[in-house]
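The chains referred to below are lettered A, B, ... by the order of the sequence lines, with proteins before strands, and numbering in each begins at 1.
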Amino acid sequence: MTFKTKLEVFEGPLDLLLHLIKINEVEISDIPIATITDQYLEYLDLMRALDINVAGDFLVMASTLMHIKSKMLLPKQEDDLVEIEDPREEIVRSLTEYMQLKDAANELTSRDVLYRDVFKRGIEIKRGEEDIATTKVTLYDLMDAFKKVIRKKHPGIVLKFSAESWSVKKKMIEIIRILKEKKNLLLGDLFSTMESVSEMIATFLALLELVRTGFVNVFQGKESSDIMLEAIK
Amino acid sequence: MDNYLKLIVESLLFASSEPLTPRQIRDLLPGKDLIEIKKVLKELKDEYETMKRSFLIKEVAEGYQFRSLPKFKPYIANMLMSTQSRLSKAALETLTIIAYKQPIIRQEIERLRGVEVGGILKMLLKKGLIRIVGRKPLPGRPIIYGTTKKFLEVFDLKDLSSLPTLKEIEELGDGEEG
Amino acid sequence: MDNYLKLIVESLLFASSEPLTPRQIRDLLPGKDLIEIKKVLKELKDEYETMKRSFLIKEVAEGYQFRSLPKFKPYIANMLMSTQSRLSKAALETLTIIAYKQPIIRQEIERLRGVEVGGILKMLLKKGLIRIVGRKPLPGRPIIYGTTKKFLEVFDLKDLSSLPTLKEIEELGDGEEG
């Protein structure tokens, strides 16, 4: 081994290269390509020896380095000496670009980052019919929702769906029936016997509809913090 | 009076979504006792009353909380209606089905979601996110739904073909954290 | 100076969970014009700076928002138990590339970072820090990514043009953290 390094985890080949350049104390614009390539390959061997999975990205860089190394070894031709680009040029360019961006990333984290250094008002205002289970929608939410819908179609391993589909209308009738018998009911009790998510959703939508249309009143008990339901006559 | 302690307590009230009790605040500030905290809360409360701003600190059943003055309620209510257009999960699911499967009829949406969607369709129509495209030549001539231009605007999409496919999302792999 | 207007605007900022732009505020207050609103916002901002409370009004994401001062962060973080997961170095680098090079496709990000970024993109999308802008008219119609308003909000940026400029890197040694 010609160099020693503590085994660090590098995010990618560019990180490893930068590290090697740093410990060799060489300039990025004048990389001793033979040395760096050898050390790079040694490092990959070390990773393999330690049974660390070497990602394909590292191998691509290895072959690039070896290619540059072989090009550098070619005898220079007098006539096109001026014209030919330094074979290291390509790698210097990406390293420089990468360093710039790492630098910018450092600068970004040095700002007053929301939720880390500074905080905004933490209010959650409840309102109207869409009180519960509300999310601010982004395109990602949209896709996520779609995936969930598709998954719902195929009975999952964890969730058991009964054959019937739940109708909000039926659930509304059911809630009214229960409230006529019991006068009032804890919200949690309404859902306690339900196993399927779709039944819960249907029940919930039914409840919202009943509240909205003024058939059911939702309130919080004085003593307990549980939400109670009662029928409005 | 320990002014810095007062500001600390104020910052906690500022950032909390729930009312804070003196006990909760004490537990966050080692070395401070309940009497001190209560005194500070009282002072803060008085300060905001004198400052005559649009909000003050109120003592509600469960603790202390910043509250806007009732007279600004209409403006705030208005804002919450307009700026934060939030959709329920159910509405979002329905909208997604329409976006990906359009043109689509209600029965098909209900088959996919497993629940009735009449109310949601009405709401989405009202919000201008979906529209009636036509009627299907089937018994009962069911209404066909599609998304609107506003839908594209809200989701920041150039056109419908910019909607990523499910496959593309899967291909992104697992969102690793760390 | 219309003090009541100032208090209305303040109450809106205080109640909103998102930064509000002068335009959004104007739209909520019929009869007021943008110049007036901007003047009021500026005054409010200055007022809070002079008052030296635990929070003030900051200009972020093209809007105005109440924010706590950084020095109170340990107390608030303690209270909120700072569940906000921090971004990994890899995620931050990817986000930076998107911020500086947007609109950008995945292949280009991977070329710049030298590693695969699928999982990270998905996580950033989920966190709402980046968004899908459209598709590039290239074979396979690759998805184009860009940053969101939330990105500006989180990183305390007024707009994209206030991103610090990329430094010219001449040699390694200084600045590089490892």
Item checked: Proximity breakdown for C:Phe66 and chain A, heavy-atom pairs closer than 4.5 Å -> both

Check: Under 6.0 Å from the CD atom of A:Glu90, do we count more than 12 heavy atoms belonging to anything else shown?
Finding: no

Next item on the list: Any pair with a residue in residues 118-153 of chain C that passes ring-ring contact (aromatic ring centres under 6.0 Å, His included), sequence neighbours left out, goes on the list, sorted by first then second residue, please.
Entry: C:Phe151-C:Phe155

Checklist line | More than 12 heavy atoms of other groups within 6.0 Å of C:Leu138 CG | finding: yes

Notebook entry, point to check: Going by heavy atoms in the side chains, are C:Asp156 and A:Leu114 under 4.5 Å from each other?
Noted result: no

Checklist line | Non-hydrogen side-chain atoms of A:Arg111 and C:Pro164 separated by less than 4.5 Å | finding: yes

Under 3.5 Å, which donor-acceptor pairs link side chains of residues 69-77 of chain C to any protein atom two or more places apart or in another chain?
unit_1: C:Lys73; atom_1: NZ; unit_2: A:Asp117; atom_2: OD1; d: 3.0

Note to self: Just verifying a value: how many Å separate A:Leu101 CG and C:Ile98 CD1, rounded to the nearest 0.5 Å?
What the structure shows: 11.0 Å

Notebook entry, point to check: Is a donor on one side and an acceptor on the other found under 3.5 Å between the side chain of A:Lys102 and the backbone of C:Glu93?
Noted result: no

Check: Do A:Ser94 and C:Leu112 touch side chain to side chain, with heavy atoms closer than 4.5 Å?
Finding: no

Notebook entry, point to check: What's the shortest heavy-atom distance between A:Ala105 and C:Leu92, and which atoms?
Noted result: O-CD2, 3.4 Å

Notebook entry, point to check: Shortest non-hydrogen contact from A:Pro13 to C:Val115?
Noted result: CD-CG1, 3.7 Å

Check: Considering only heavy atoms from C-beta outward, does the side chain of C:Phe14 approach that of A:Arg121 to under 4.5 Å?
Finding: yes

Item checked: Rounded distance [0.5 Å steps], CG in C:Leu166 versus CG in A:Asp103 -> 8.5 Å

Next item on the list: Could you tell me the separation between the CZ atom of A:Arg116 and the CG atom of C:Leu87, rounded to the nearest 0.5 Å?
Entry: 9.5 Å

Notebook entry, point to check: A:Asp57 and C:Gly114: which non-hydrogen atoms are nearest, and at how many Å?
Noted result: CB-O, 3.3 Å

Item checked: Beyond-backbone contact of A:Leu108 with C:Leu163, side-chain heavy atoms, under 4.5 angstrom -> yes

Next item on the list: Go through the atoms of C:Gln65 and report whether side chain, backbone, both or neither lie under 4.5 Å from a heavy atom of chain A.
Entry: side chain

Note to self: Any non-hydrogen side-chain atom of C:Arg111 less than 4.5 Å from a side-chain atom of A:Glu97?
What the structure shows: yes

Notebook entry, point to check: Quick one: does C:Ser68's side chain have a donor or acceptor within less than 3.5 Å of a partner on A:Phe119's backbone?
Noted result: yes

Item checked: Row check, A:Tyr98 ring normal vs C:Arg113 NZ/CZ: under 6.0 Å, within 45° -> no

